[in-house]
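Hydrogens, waters and symmetry mates play no part in the numbers below; they use all other heavy atoms, side chains included.
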Amino acid sequence: MRMLLLMGIIALSNLALANESTEINYSFSSFRSAYSCHYAETQFQEYVEALGGEIESIRCSGGIPYDDHFVAIRAQVRVPQVNENTRWVSVELEGDEACKFNDNMIQELLNHFATRNLEHRSSCWHSQGRYKYSFDVAN
C-alpha cells in the first residue's frame with residue numbers, strides 16, 4: 001500500500017513539474033517598419049500556442065500609435081518541460097509578413113522551449129523576405 005501511495009505521489013509531482021512559468025521579454029526596434037501592440041501580442045500568442053505554451057499574462061508597450069519605431073512585450077508563459085513522459089510534436093512556422101519582426105520573435109521564443117531537429121531558413125530585409133522554421137517541440 002505504501003509503495004502504491006509513493007508511486008502516486010511521484011506521478012503527481014511529475015505532472016506538477018510538467019509546465020514551468022517563465023518570463024519572456026521581446027522587443028523590436030526599426031526605423032523602416034512600425035507595428036502595433038495588437039499585432040505584436042497576436043503574433044506572440046500564436047507562436048507560444050504553436051510551441052505548446054500558455055500565456056498567463058502579457059503586456060505590450062510602445063508600438064503604433066505611441067512609438068512608431070519600438071514595441072516591447074513582457075509575458076509570463078507556462079512552458080512545457082522535458083521529463084520521461086515528454087511527447088515531441090513536429091512544428092513548422094513560416095511566413096513572409098513582417099519578416100524580420102516575426103523571425104526575431106520566433107528566435108527569442110525558441111530560447112525558452114525545449115526543441116530538437118531545428119531547421120531554420122530566412123532571408124529578411126526589414127519587413128520583406130521569408131522565414132521558415134521546422135522542429136520538434138516538447139509537449
Side-chain angles (χ1 to χ4, degrees):
M1 182 66 162
R2 273 191 207 189
M3 184 61 136
L4 194 56
L5 181 61
L6 181 60
M7 288 173 49
I9 290 170
I10 291 171
L12 287 175
S13 67
N14 282 341
L15 287 174
L17 296 175
N19 289 314
E20 181 178 292
S21 186
T22 186
E23 184 175 292
I24 302 176
N25 298 303
Y26 173 71
S27 62
F28 186 81
S29 180
S30 173
F31 289 106
R32 295 185 178 264
S33 307
Y35 303 99
S36 69
C37 273
H38 176 74
Y39 178 78
E41 288 176 348
T42 299
Q43 293 302 105
F44 192 91
Q45 184 166 354
E46 286 180 12
Y47 294 138
V48 166
E49 289 173 1
L51 292 165
E54 180 184 340
I55 295 177
E56 295 177 323
S57 65
I58 188 167
R59 182 170 186 264
C60 182
S61 59
I64 297 170
Y66 306 107
D67 185 342
D68 290 346
H69 304 292
F70 179 79
V71 65
I73 290 178
R74 173 176 283 169
Q76 198 66 33
V77 178
R78 295 202 57 80
V79 176
Q81 300 300 298
V82 177
N83 61 36
E84 65 276 355
N85 299 320
T86 297
R87 184 175 58 102
W88 294 91
V89 177
S90 295
V91 175
E92 280 193 9
L93 302 172
E94 64 180 306
D96 56 7
E97 176 184 286
C99 190
K100 196 67 174 167
F101 178 85
N102 284 296
D103 191 40
N104 288 356
M105 182 181 284
I106 293 167
Q107 287 180 29
E108 177 58 37
L109 287 170
L110 287 174
N111 291 331
H112 301 275
F113 288 81
T115 61
R116 63 183 188 185
N117 304 322
L118 175 64
E119 293 180 27
H120 170 233
R121 288 187 299 270
S122 68
S123 59
C124 297
W125 191 76
H126 300 285
S127 62
Q128 300 173 344
R130 286 196 65 69
Y131 58 90
K132 181 175 182 176
Y133 290 82
S134 178
F135 54 88
D136 298 328
V137 66
N139 202 326

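Transitive grouping of hydrophobic side chains (ILVMFWY, heavy atoms separated by less than 4.5 Å) keeps Y66 and Y26 in distinct clusters.
Judged as a ring pair (Phe, Tyr, Trp, His ring centres under 6.0 Å), and not counting sequence neighbours, the contacts of H120 are Y133. Shown here are the side-chain hydrogen bond (donor to acceptor under 3.5 Å, both in side chains) partners of N111, two or more places apart in sequence or in another chain: there are none. When the salt bridge (charged side-chain N to carboxylate O under 4.0 Å, His left out) test is applied to R116, the partners found at least two apart in sequence or on another chain are D136. Listed by chain and number, the residues in a ring pair (Phe, Tyr, Trp, His ring centres under 6.0 Å) with Y35 are F28, Y39, F101 (sequence neighbours excluded).
Contact record, Y131 with D96: CE2-N, 4.1 Å, taken as the closest heavy-atom pair. Nearest approach of E41 to I73, heavy atoms of both residues: N-CD1, 3.9 Å. The two residues A138 and T86 have their closest heavy-atom pair at CB-CG2, 3.6 Å. Minimum heavy-atom separation, V71 to A40: CG2-CB, 4.0 Å. Minimum heavy-atom separation, N19 to P80: OD1-CA, 3.1 Å. Looking at every heavy atom in both residues, E94 comes nearest to R130 through OE1-NH2, 3.2 Å.
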- Tell me, with the steps shown, if F113 and T22 meet side-chain contact (heavy atoms from CB on, under 4.5 Å). CA-CA 10 Å; F113 288 81; T22 186; over 6 Å; no
- Message: Checking S33 against K100 for the side-chain contact (heavy atoms from CB on, under 4.5 Å) test, could you report, in this order, the C-alpha distance in whole Å, the side-chain angles of both residues, the deciding distance, and whether it holds?
- Response: CA-CA 10 Å; S33 307; K100 196 67 174 167; over 6 Å; no
- side-chain hydrogen bond (donor to acceptor under 3.5 Å, both in side chains) between N102 and Q43, worked out: CA-CA 8 Å; N102 284 296; Q43 293 302 105; 2.9 Å; yes
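A disulfide (SG to SG under 2.5 Å) check over residues 49-89, counting only residues at least two apart or in different chains, returns the pairs C37-C60. Residue pairs satisfying the disulfide (SG to SG under 2.5 Å) criterion with at least one member in residues 73-106, sequence neighbours excluded, are listed as follows: C99-C124.
Checked by atom type, the side-chain pair E119/S134 shows no donor-acceptor distance below 3.5 Å.
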